[in-house]
Amino acid sequence: MSKTIAQKIIAQHLVSGEMKSGNEVALRIDQTLTQDATGTMAYLEFETIGIPRVRTEFSVAYVDHNTLQCGFENADDHRYLQSVTSKYGIHFSRPGNGICHQVHLERFGIPGKTLIGSDSHTPTAGGLGMLSFGAGGMDVAVAMAGGAYYITMPKIYKVHLTGSLRPFVTAKDVSLELLRILSVKGGVGAIIEWGGPGVATLSVPERATITNMGTELGATTSIFPSDDVTKAFLAAQGREKDFTPITADPDAEYDRIIEINLSELKPLIACPHSPDNVVTVESLKGVKVDQVCIGSCTNSSLMDMLKVAAILKNKTISPNVSLSISPGSRQVLTMLSEEGALVDILASGARLLECACGPCIGMGFSPNHGGVSLRTFNRNFYGRSGTENGQVYLVSPETAAASALTGYITDPTTLEPITIPNLPERFCIDDSAVLPPAKDGSTVEIVRGPNIKEFPKAKPIPDAISVNAIIKVGDNITTDHIMPAGAKILPYRSNIPHLSQFCFEVCDPTFHERAKQAGDCVIIGGSNYGQGSSREHAALVPMYLGVRCVLAKSFARIHVANLINAGVLPLTFENPDDYDCVEQNHVLRLTDIHKGMEEGRIAIFDETANKTIYGVCNFTDRQQKILKMGGLLNYSKECNE
Ligand code: MIC
Ligand code: SF4
């Protein structure tokens, strides 16, 4: 039977399940990646599984999120990560070496292989034709231990590209156009495959910008074919041997086809506070800008930076704008400086930040009070920048650079033409900041600082339970709402008790105290609950505070998996109108839960409203067992998965 790209890779990695959309399939995972903000928890979880060495082909831990080190916490966590990875057979990418997704694309991603990473933008590697998924840390721990990764077999959407991008219109604009068409919920339950003649006009880093932002559509993953462009990129990285061609069969069938003519696109911009709030840059012409940030795993490749340098060359940025540049990797930074382009950037008045996530996750460089910040990043969720009333807009590097010069939102197509540099035939290759693991891990001592606290223990889901509706939230609640990040909080990712003080802080600063008093509780959510990051802390911390169930209109993919892994029962309103009846502080009684999990419908008596409503679920046998055993770790230990 003819297959799409994703179906081919899934078929080659299928451990169990039928490849029919909606069915659960288990996949063999070739590679894993972690970053430090989710990695500490993932390795603590891996340790509890109790095997001496990882069983993947290649696993790597990056340090890129928590690099500020305003105190001992981050530095301690880095030492833990370095020692635990060395012991268990995992490579360690040192702080300063770059953002996980950019470095993985450059150095380790392989077309046709599978990758899961404890970061939602792991699909960036789809730009190379690799089938890659963002996952919770526990799923990554299990994959490192040789266990399969379970997903619901997605639908396959094809985006058929024709034409080619006009000068100053970019891959970022392609992503924003798809967000405009589909919205942040439009990719849920689907893999987005890119095809059509326009694909050949896009370089691998451009494709990676697009697959990176596929995460914002809620998509399971996004993938490009592996073709001559992929081959040339891998060759320039000294990795010709990693190349395998992969294309969809000509008669492959898709659940939906979306056409985009690259030649017709204009520069686009996502307005606060959602990546799908997209309009043309032209329509916001003249809005005053306070800050511009160029970088992040979406737009920090060498080509992005070279174009920015070409725009800024021999010019000075507006005195009212503060401009930051964070190259995505040490390779990018080295080559920028070797080519002299770094001088052009700095001479314009830009501030050079570390090769790390930085402002994207609120680690410094927060905008001024109420300030307008143009960012080449992928998320502009409320409060994420660290300035609660900051107005964050998402743009391409070209729009960012043009606006930094004028001090106002500026359509880059109005600029004088620039000479577009060619990608090098050979990148500068230096993997010395990626430390290989010890050959014999048994002698390696794991270093644990006092910031590393024990992993919280989940309780099995009982057959009946009374829960207090501790908070009621609206649609598209992100993991940044549930478990905020930023410079003050991120250092405590391995310390759940401390972290718990900030849970839902953006929505309700009293949440933590109230939850502590309430005992067993339930969160009432709208649609697409848990959108955004893969951080399992958004499930673990509520679990630690007594949340036993989340009742929502619908869930985001990674978050619902994290809830199950953490032993928290996710249920969907059978009748979405019931959302309007359940208010905060209502007491709900769930009965016959175990039978209900099997049958897919659980009765919930709202004692306060004196009304019975139903929560529905579609758990596999495996998920039911995980919930009944109190989470994935207990299940993995008992079932030896
Ligand atoms: C993000 O972009 O939100 C993060 C920070 O990279 C997260 C991971 C995390 O919360 O540590 C993600 O995308 O998964
Ligand atoms: Fe880092 Fe931002 Fe990318 Fe997340 S989205 S991995 S915080 S650069």
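Every number for a ligand or one of its atoms is a count from 1 in the order of the listing. Quick note: numbers below take in every heavy atom, side chains included, and nothing from hydrogens, waters or symmetry partners. Just so you know, residue 1 is the first one in the sequence shown, and it goes up from there.
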Which atoms from ligand 1 have a heavy atom of [X] less than 4.0 Å away?
X	value
D119	4 (C), 6 (O), 7 (C), 8 (C), 12 (C), 13 (O), 14 (O)
S533	3 (O), 7 (C), 8 (C), 9 (C), 10 (O), 12 (C), 13 (O), 14 (O)
R379	1 (C), 2 (O), 3 (O), 12 (C), 13 (O)
H65	4 (C), 5 (C), 6 (O)
R384	1 (C), 2 (O), 3 (O)

Query raised in the report: Should we count CZ of R94 as having more than 12 external heavy atoms under 6.0 Å?
Result: no

Query raised in the report: ligand 1 and R535, any nitrogen or oxygen pair closer than 3.5 angstrom?
Result: yes

Query raised in the report: For H537, is the nearest heavy atom under 4.0 Å from an atom of ligand 1?
Result: no

Report summary line: Nearest non-hydrogen protein atom to atom 8 (C) of ligand 1, with distance, is Q35 NE2, 3.1 Å

Query - Reference residue T298; test side chain to side chain donor-acceptor pair (under 3.5 Å); the match among S296, S301, S300 - result: S296

Query raised in the report: Is a side-chain donor-acceptor pair under 3.5 Å present for N74 with Q69?
Result: no

Query raised in the report: Between the main-chain N or O of V392 and the side-chain N or O of S373, is there a donor-acceptor pair closer than 3.5 Å?
Result: no

Query - Part of N212 within contact of ligand 2 (heavy atoms, under 4.0 Å) - result: neither

Query raised in the report: Mind checking whether atom 1 (Fe) of ligand 2 has an N, O or S of C357 under 2.8 Å?
Result: yes

Query - From G532, S120, A135, A485 - option closest to atom 13 (O) of ligand 1 by heavy atom - result: S120

Query - N-O pairing of D276 and R180 below 4.0 Å - result: no

